[in-house]
There are 2 protein chains.
Amino acid sequence: MPVRPSPESHEALVARMLAGVRASGLKLTRQREAIVHELAGDETHPTAQALFERLLVRLPGVSFATVYNTLDALSSAGLCASLSLAPGAARFDPNMGAHHHAVCDECGTVLDVPTRDGASERASAGGPPGFTVRAIERVYRGVCAACRARPRRSARS
Amino acid sequence: MPVRPSPESHEALVARMLAGVRASGLKLTRQREAIVHELAGDETHPTAQALFERLLVRLPGVSFATVYNTLDALSSAGLCASLSLAPGAARFDPNMGAHHHAVCDECGTVLDVPTRDGASERASAGGPPGFTVRAIERVYRGVCAACRARPRRSARS
DNA sequence: ATGAGTGCAAATGCTTTGCATCCTG
DNA sequence: CAGGATGCAAAGCATTTGCACTCAT
């Protein structure tokens, strides 16, 4: 396996997500299939808007609300993650494996950061009294390579 | 003294923030003084809206835009933190010391989590190639005590 | 006085919703 | 065939901005 192994091939990921859609009692429509296919192959953590625009190519006429609602349904079903790590639009991540994120303060881009060891996270659970910890996330804040080369940009998608 | 000692007294924090305002070349207006005073005494990580409403009591007629712009100026000057850890409104934190946050998935509430050791964070720097890490943040995701007692709520402020 | 700050309102952008129609299961 | 899903448009919030006026420096 590669150094940073994709947990699954694109096809396998699509198949597993589609299976998850049905397993969750959600209906499998042409739109949802296209959305899942598009998201599964996207490692850029796209916003709903970005995914929508890419989707228009393969599914002309699809509604933005449908994309939005479907992404919400997918994340609610635990089939993808909805990330709100920076101001502006939420970003969606098809990778449900354990990993962290690096967020660019300049452009809002989100990059994956592989987990080195699951141990430290589990060990440090706890949080405030009465607070039930579901997950511990590590966020790397900084400036991405592109923005470093080209200073001063908006922090939006 | 309280169980969880504030690093500084309210008054000291206010004084340091006001000094910072002037040191940053920002003008010290009645509105800004009130905003700083209000924020410095608030450990609930209020949204701009929440702070604005509380502020209306002591400074009737203050404009929401002013509160908003001032919070932006303060965080840009490094005098407070602007947190975007959940969907919805940004939250503001007067505590600039090293600490982490616990975010309730149900109601969006943000709680402070003291840092146990600064070592682990620094050691794990790095992030994606070409990415300049400025800070590493740990976010505890879960459900707060209040929401645990009263299930099913909106995730907004 | 000079220009940053303020208040007001309107504009943007992201997200959500109502409703009539369509289509999966 | 029933209820969920879609498309469209409009409504809701969060955030930002333009502009005339005020005030801190």
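Quick note on labels: first sequence line is chain A, next is B, and so on, each numbered from 1.
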Once you round it to whole Å, what is the distance between C1' of C:dC8 and CZ of B:F52? 11 Å

Identify the two heavy atoms, one from A:L39 and one from A:P46, that lie closest to each other, and give their separation to 0.1 Å. CD1-CG, 4.2 Å

Closest to the A:Q31 side chain, choosing from C:dG5, D:dA5, D:dG7: D:dG7

What is the distance from CG of B:L74 to C1' of C:dA4, rounded to the nearest Å? 15 Å

Give a yes/no on whether any side-chain N or O of B:T29 is located under 4.0 angstrom from OP1 or OP2 of C:dT6. yes

Ordered by number, residues from residues 62-72 of chain A within less than 4.0 Å of DNA chain D (heavy atoms) are A:V62, A:S63, A:A65, A:T66, A:T70

Using a cut-off of less than 4.0 Å, is there contact between a side-chain N or O of A:R32 and OP1 or OP2 of D:dT6? yes

Among C:dC14, D:dT6, D:dA24, the one nearest A:A89 by side-chain distance: C:dC14

Under 30°, 30 to 60°, or over 60°: which ring-plane class applies to A:H45 and A:H99, parallel, tilted or perpendicular? tilted

Starting at atom CZ of B:R30, determine the distance to atom P of D:dT25, rounded to an integer number of angstrom. 12 Å

Kindly check if the number of other-residue, nucleotide or ligand heavy atoms within 6.0 Å of CZ (A:R22) is above 12? no

Report the relative orientation of the aromatic rings in A:F64 and A:F52; use parallel for angles under 30°, tilted for 30 to 60°, perpendicular for over 60°. perpendicular

To the nearest Å, give me how far apart CG (B:L59) and C1' (D:dT22) are. 15 Å

Expressed as a whole number of angstroms, how long is the span from B:F92:CZ to D:dA14:C1'? 11 Å

Would a 4.5 Å heavy-atom cut-off, applied to side chains only, mark A:D112 and A:H101 as touching? yes

Would you compute the distance between atom OG1 of B:T66 and atom CZ of B:R30 and round it to the nearest 0.5 angstrom? 11.5 Å

Taken to the nearest whole Å, CG/A:L55 to P/D:dT6 is 11 Å

Counting the atoms with a prime plus P, OP1 and OP2 as sugar-phosphate, which does A:G25 contact under 4.0 Å by heavy atoms, base, sugar-phosphate, or nothing? nothing

Nearest-Å distance for atom pair CG/P, residues A:L28 and D:dG3: 21 Å

Specify the separation, in whole Å, of atom NZ of A:K27 and atom C1' of C:dT24. 5 Å

Checking all strands, does B:A90 fall into the base, sugar-phosphate, or nothing category for heavy-atom contacts under 4.0 angstrom? sugar-phosphate

Applying side-chain hydrogen bond (donor to acceptor under 3.5 Å, both in side chains) to B:Q49 and not counting sequence neighbours gives B:E53

